[in-house]
Amino acid sequence: MSASPRRPVPKHARVVIVGGGIIGCSVAYHLTKLGWNDVVLLEQGQLSCGTTWHAAGLVGQLRAQESMTKLIRYSTRLYSELEAETGLGTGWKQCGSLSVARTAERMTQIKRTAAVARAYGVDCQVISAREAGELWPVMRTDDLHGAVWLPGDGKANPTDLTQALARGARTRGR
Ligand SMILES: Cc1cc2nc3c(=O)[nH]c(=O)nc-3n(C[C@H](O)[C@H](O)[C@H](O)COP(=O)(O)OP(=O)(O)OC[C@H]3O[C@@H](n4cnc5c(N)ncnc54)[C@H](O)[C@@H]3O)c2cc1C
């Protein structure tokens with residue numbers, strides 16, 4: 001991948017990606033991983049200077065659609081390996097996550113989503129309000145119907161992640 005300000009922009013490329021946020025850098029990373037090393041990424045400012053810079057960095061696998069669940073499951077694996085691959089920290093921390101329900105209807109909905117997540121191999125446990133309180137003691141739990149605990153969820157630093165994906169792409173680029 002060509003993405004360095006020190007290099008002139010090539011006249012030809014197999015793929016030109018416009019925008020160096022998490023999406024553009026991820027596309028460049030994955031294309032080069034597939035062997036497409038003639039990739040140019042154009043960024044008008046600095047890598048991750050757009051919306052990515054503002055993202056909180058929460059990475060949760062409990063999604064309404066199975067395709068999203070599969071995608072985020074893949075992301076958690078990638079984020080845990082990216083630092084070792086690129087030598088750049090990503091801020092990835094597998095701290096787990098709690099999704100809580102304050103109504104019976106919400107409890108039914110998160111149980112359903114949890115069942116779908118489990119079917120796709122995501123470690124996902126339906127727990128009581130008391131157990132949720134033990135995991136996050138500062139939380140009020142007397143108004144909860146229950147919760148879902150995903151130990152594989154985590155957080156990352158979106159800016160660092162973007163830089164790591166860009167370095168992975170550069171390393172495999174021409
Ligand atoms: C770890 C992580 C967790 C996240 N969690 C959540 C979440 O829980 N909920 C949620 O809603 N979102 C989440 N997000 C997504 C986040 O909020 C943004 O939606 C996402 O980062 C946007 O990325 P992007 O690459 O599409 O856009 P941007 O980061 O905005 O990147 C676009 C880039 O294109 C450049 N650009 C634009 N026009 C041009 C041009 N003409 N020429 C050259 N460059 C141009 C801009 O300068 C910018 O850098 C998360 C993201 C990360 C990385």
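Along the sequence shown, residues carry numbers from 1. Keep in mind the model is a prediction, meaning the values are calculated, not measured. In listed order, ligands and their atoms are each counted from 1. Scope of the values below: all heavy atoms of this structure, side chains included, with no hydrogens, waters or symmetry mates.
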- Could you go through the side-chain contact (heavy atoms from CB on, under 4.5 Å) check for Leu144 and Arg102 one step at a time? CA-CA 5 Å; Leu144 296 185; Arg102 291 183 68 198; 3.6 Å; yes
- Task: Under the side-chain contact (heavy atoms from CB on, under 4.5 Å) rule, what do Asp123 and Gln125 come out as? Steps first, then yes or no, please.
- Result: CA-CA 7 Å; Asp123 187 3; Gln125 297 151 27; 3.3 Å; yes
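Listed by atom number, the atoms of ligand 1 under 4.0 Å from Leu42 heavy atoms are 43 (C), 44 (N). In the vicinity of Leu161, heavy-atom distances shorter than 4.0 Å reach the ligand 1 atoms 1 (C). Less than 4.0 angstrom separates some heavy atom of Leu58 from each of these atoms of ligand 1: 3 (C), 4 (C), 5 (N), 8 (O). Close contacts of ligand 1 with Ile23, meaning ligand atoms under 4.0 Å from a residue heavy atom, involve 23 (O), 24 (P), 25 (O), 26 (O). Close approach of ligand 1 to Ala55 is summarised as follows: ligand atoms under 4.0 Å from at least one heavy atom of the residue are 16 (C), 17 (O), 50 (C), 51 (C).
For atom 12 (N) of ligand 1, the protein comes within 4.0 Å by no heavy atom at all. Contact annotation for atom 21 (O) of ligand 1: protein present (non-hydrogen atoms, distance under 4.0 Å). Atom 43 (C) of ligand 1 is flagged as protein-proximal [any protein heavy atom, distance under 4.0 Å]. There is a protein heavy atom closer than 4.0 angstrom to atom 48 (C) of ligand 1.
Residues Arg63 and Leu71 form no side-chain contact, since every pair of their non-hydrogen atoms from C-beta on lies 4.5 Å or further apart. Between Val116 and Gln65, every side-chain heavy-atom pair lies at or beyond the 4.5 Å cut-off. Counting heavy atoms from C-beta outward, Asn37 and Arg172 have side chains that stay 4.5 Å or more apart.
Of all protein heavy atoms, the one lying nearest to atom 34 (O) of ligand 1 is Gly19 CA, 3.1 Å. From the protein, the heavy atom lying nearest to atom 36 (N) of ligand 1 is Gln44 NE2, 3.5 Å. Protein heavy atom closest to atom 32 (C) of ligand 1, with residue, atom name and distance, is Gly21 N, 4.2 Å. The nearest heavy-atom contact from the protein to atom 33 (C) of ligand 1 is Glu43 OE1, 3.6 Å.
For the 3.5 Å distance criterion, the side chains of Lys33 and Tyr29 qualify, holding a donor opposite an acceptor.
The heavy atom nearest to atom 19 (O) of ligand 1, out of those in Thr51, Ile72, Leu165, is found in Thr51. Looking at Val27, Val18, Ile17, Asn157 and measuring to atom 41 (N) of ligand 1, the nearest heavy atom belongs to Val18. Around atom 2 (C) of ligand 1, the closest heavy atom drawn from Cys49, Ser75, Cys25, Gly57 belongs to Gly57.
At a heavy-atom cutoff of 4.0 Å, ligand 1 is contacted by both the backbone and the side chain of Thr52.
Of the possible donor and acceptor atoms, none in the side chain of Arg167 sits under 3.5 Å from a partner among the backbone N and O of Leu88.
Remark: Arg118 CZ to Leu150 CG distance equals 9.5 Å, nearest 0.5 Å.
Following chains of ILVMFWY side-chain contacts shorter than 4.5 Å, one can reach Val59 starting from Leu78, so the two form part of one hydrophobic cluster.
In plain terms, the two heavy atoms of Asp142 and Arg140 that are nearest each other are OD1-NE, 2.6 Å.
For ligand 1, one of its N or O atoms has an N or O atom of Ile22 under 3.5 Å away.
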